[in-house]
Amino acid sequence: MGKITGFMEYERKVEPYAPVEERLKNYREFTKPLPEKALKEQGARCMDCGIPFCHSGCPLGNLIPDFNDAVYRGKWDKAAEILHATNNFPEFTGRLCPAPCEEACVLGINEDPVSIENIEKSIAETAFEKGWVQALPPAERTGKKVAVVGSGPAGLAAAQQLNRAGHLVTVFERDEKPGGLLRFGIPDFKMEKHVIDRRLEILEAEGIEFRCGVHVGKDIKAPQLREEFDAIVLCGGATVRRPLPIPGADLKGVVQAMDFLAQNNRRVAGSSFEGEAISAKNKKVVVIGGGDTGSDCIGTSFRQGAESVANFEILSKPPGSRPEDQPWPFWPMRLRTSSSHKEGAERYFSISTKEFKGDEKGNLKSLVTVEVEWENIPGQRPKLVELKGTEKEWPCDLALLALGFTGSESTLADQLGLEMDPRTNIKAPVSDYQTNVPGVFAAGDQRRGQSLIVWAISEGRQAAHYVDTYLMGSSELPLKGEGDLPRV
Ligand SMILES: Cc1cc2nc3c(=O)[nH]c(=O)nc-3n(C[C@H](O)[C@H](O)[C@H](O)COP(=O)(O)OP(=O)(O)OC[C@H]3O[C@@H](n4cnc5c(N)ncnc54)[C@H](O)[C@@H]3O)c2cc1C
Ligand code: SF4
């Protein structure tokens with residue numbers, strides 16, 4: 001695998017970013033691809049480590065040492081084949097995945113890990129550039145009809161796999177365009193939307209039908225879908241936003257992150273949007289919540305011309321390196337600094353927002369916080385303790401609530417009689433992704449709760465296998481770790 005001595009000869013390199021002042025002028029992606037020589041060297045760093053832990057670090061089971069080796073040898077077509085065998089959309093994960101594979105890389109025990117994610121993106125981009133990503137409609141149709149509800153990464157992956165098995169797949173999407181959070185949550189500076197569109201063209205050419213602007217449960221009742229389709233896969237995401245029920249939460253200027261991000265993504269796309277325009281221009285912005293959503297709010301606020309952006313996180317500041325109780329190859333809870341954080345946000349940890357204050361016209365003017373500590377009590381969840389005398393008032397005229405999502409909407413579950421789990425996700429065990437109603441399956445964030453794109457694709461693929469088995473008695477669609485060659 002790779003070059004036997006590559007890991008001793010070459011250091012890790014990752015795609016550099018355009019300077020902050022340059023990238024803040026627009027919403028374009030700002031990473032600069034590595035030249036081919038550097039990519040080959042990165043491929044060469046992959047060691048013949050015997051047991052590639054990166055495989056199990058990746059929720060898709062991507063065959064990482066194999067595509068690293070192909071890149072090192074300049075066999076990009078082979079690398080693209082290997083990558084697409086396990087991942088329907090490496091152009092999404094190559095840009096957006098937090099790369100748990102790199103945390104599990106054996107080289108990462110005492111060196112910087114292989115730049116797996118950058119290699120993945122370069123393979124995917126080369127495959128599109130060279131025209132290797134072609135529509136591959138199935139040779140035969142089974143006559144079975146499957147409805148996929150939701151067109152995020154889980155729905156798209158399930159749809160492509162089921163279409164490959166010969167079923168007639170219709171994807172229902174309530175938004176005006178497919179893509180889910182890839183299109184309306186994640187800003188263009190992390191992934192430009194033509195990246196989704198070119199993949200959608202392939203899916204449509206393969207025979208998948210997209211019905212956008214159709215809200216299942218409202219425009220079509222779920223039982224009607226049951227009558228018209230042989231199976232249903234629910235991939236509607238975890239869309240119920242966590243509120244912040246504190247005094248002043250109804251002031252003008254206290255905004256849910258997804259309202260802010262979705263509106264801006266539509267603005268960047270030149271599309272119309274509903275509701276009043278929200279802008280961070282010349283505002284003192286506070287983003288409450290330190291995850292991906294919060295980070296995307298920071299980058300968007302800077303691009304809109306915010307005067308300042310502060311980011312509050314209720315959890316304590318994690319350590320800069322892997323904590324001892326989270327050993328390799330596990331995903332460590334360590335401080336992560338996103339490209340948006342680096343654009344100038346002030347970050348505050350162990351801080352809880354207690355109240356929003358406004359003027360006589362109901363406009364947000366400030367917010368009040370208190371510092372907190374997390375008390376560890378054996379056998380119980382950590383307890384939040386507010387520290388007396390640490391109250392502080394911060395000037396603020398736009399507060400963006402990026403507190404995550406509490407679970408799935410219940411409309412379809414109610415209409416179909418589906419069980420939900422205690423975390424209000426749709427209950428469908430990983431043994432077959434089937435709900436308590438035969439023929440109704442669930443995958444992605446709607447099943448596992450808010451998660452990652454790589455998990456959504458993985459779940460869509462897994463669910464497709466079990467839907468195919470339900471319809472046909474058995475399935476040749478691969479499960480995790482069983483890539484199917486060739487796909488490009
Ligand atoms: C702002 C933000 C940034 C993120 N950044 C990253 C990142 O950088 N990397 C990463 O790995 N993950 C990231 N995530 C998480 C990631 O986007 C999700 O885990 C992933 O998109 C989940 O995919 P999904 O297909 O399950 O659901 P979604 O992407 O949420 O798609 C669900 C789709 O279903 C549609 N839908 C729902 N109900 C219905 C209905 N009844 N009828 C018709 N359509 C319906 C919705 O409109 C939506 O289009 C981010 C999340 C957010 C919110
Ligand atoms: S999808 Fe994510 S975890 Fe898997 S190989 Fe790519 S970057 Fe790594």
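Both ligands and their constituent atoms are indexed starting at 1 by order of listing. The basis for the numbers below is simple: all heavy atoms, side chains too, and nothing from hydrogens, waters or symmetry mates.
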(message) Using a 4.0 Å heavy-atom cut-off, which part of E459 comes near ligand 1: side chain, backbone, both, or neither?
(response) neither
(request) Please report which non-hydrogen protein atom sits nearest to atom 4 (Fe) of ligand 2, along with the residue it belongs to and the distance in Å to one decimal place. (result) C58 SG, 2.4 Å
(message) Can you confirm whether more than 12 heavy atoms, excluding those of R28, are under 6.0 Å from its CZ atom?
(response) no
(message) Taking N, O or S atoms only and a limit of 2.8 Å, check whether C101 reaches atom 8 (Fe) of ligand 2.
(response) yes
(message) Under 4.0 Å from a heavy atom of V454: which atoms of ligand 2 are those, numbered in the order shown and with their elements?
(response) 1 (S)
(message) If the contact criterion is a heavy-atom separation under 4.0 Å, does V149 count as touching ligand 1?
(response) yes
(request) Using a 4.0 Å heavy-atom cut-off, say whether W455 meets ligand 1 through its side chain, its backbone, both or neither. (result) neither
(message) I need the contact type for L261 against ligand 1. Using non-hydrogen atoms and a strict under-4.0 Å cut-off, is it side chain, backbone, both or neither?
(response) side chain
(message) Are M420 and I426 packed together at the side-chain level, in the sense that at least one heavy-atom pair is separated by less than 4.5 angstrom?
(response) yes
(request) Would you tell me whether T337 and R347 have side-chain atoms, one donor and one acceptor, within less than 3.5 Å of each other? (result) yes
(request) Could you tell me whether V214 approaches ligand 1 through its side chain, its backbone, both or neither, with non-hydrogen atoms closer than 4.0 Å? (result) backbone
(message) At a threshold of 2.8 Å, where the distance has to be below it, does atom 2 (Fe) of ligand 2 have an N, O or S atom of C97 nearby?
(response) yes
(message) Please compare Q446, H215, R211 and report which has the shortest non-hydrogen distance to atom 40 (C) of ligand 1.
(response) H215
(message) Could you work out, for atom 30 (O) of ligand 1, the closest of V171, T293, D219, L181 by heavy-atom distance?
(response) L181
(request) Determine, using heavy atoms of G217 and all atoms of ligand 1, whether some pair is separated by less than 4.0 Å. (result) no
(request) Assess whether atom CZ of R334 is packed by more than 12 heavy atoms of other residues, nucleotides or ligands within 6.0 Å. (result) yes
(request) Can you sort out which atoms of ligand 2 are near N62, meaning under 4.0 Å from one of its heavy atoms? (result) 1 (S), 4 (Fe), 5 (S), 6 (Fe)
(message) For the aromatic rings, using the six-membered ring if either is Trp, is the centroid distance between Y433 and F441 under 6.0 Å?
(response) no
(message) Applying a heavy-atom cut-off of 4.0 Å, say which part of C235 lies close to ligand 1: side chain, backbone, both or neither.
(response) backbone
(message) Regarding D468 and Q161, do their side chains bring together a donor and an acceptor under 3.5 Å, going by distance alone?
(response) no
(request) Please confirm whether D296 comes under 4.0 Å of ligand 1, counting heavy atoms of the residue only. (result) yes
(request) Going by heavy-atom distance to atom 41 (N) of ligand 1, choose the closest among I453, V216, I457. (result) V216
(request) Look at atom 33 (C) of ligand 1 and find which of E173, R95, R448, M258 reaches it with the closest heavy atom. (result) E173
(request) State the atoms of ligand 1, each with its element, that fall below the 4.0 Å cut-off from a heavy-atom position in G180. (result) 29 (O), 31 (O), 48 (C), 49 (O)
(request) Measure from atom 6 (Fe) of ligand 2 to each N, O or S atom of E120 and report whether any distance is below 2.8 Å. (result) yes
(message) Given the ring of F189, does R303 sit roughly above its face, with NZ or CZ under 6.0 Å from the centre of the six-membered ring and within 45° of the axis?
(response) yes
(message) Using heavy-atom distances only, which candidate in R174, Q415, M191 approaches atom 44 (N) of ligand 1 most closely?
(response) R174
(request) Give a yes or no on whether a salt bridge exists between D197 and R183, defined as a side-chain N under 4.0 angstrom from a carboxylate O. (result) yes
(request) Out of P153, G213, S151, indicate the one that has the non-hydrogen atom closest to atom 23 (O) of ligand 1. (result) P153
(request) Could you tell me which atoms of ligand 1, counted from 1 in the order shown, lie closer than 4.0 angstrom to a heavy atom of F405? (result) 53 (C)
(message) Hydrogens and angles aside, do N87 and T93 bring a side-chain donor and acceptor to less than 3.5 Å of each other?
(response) yes
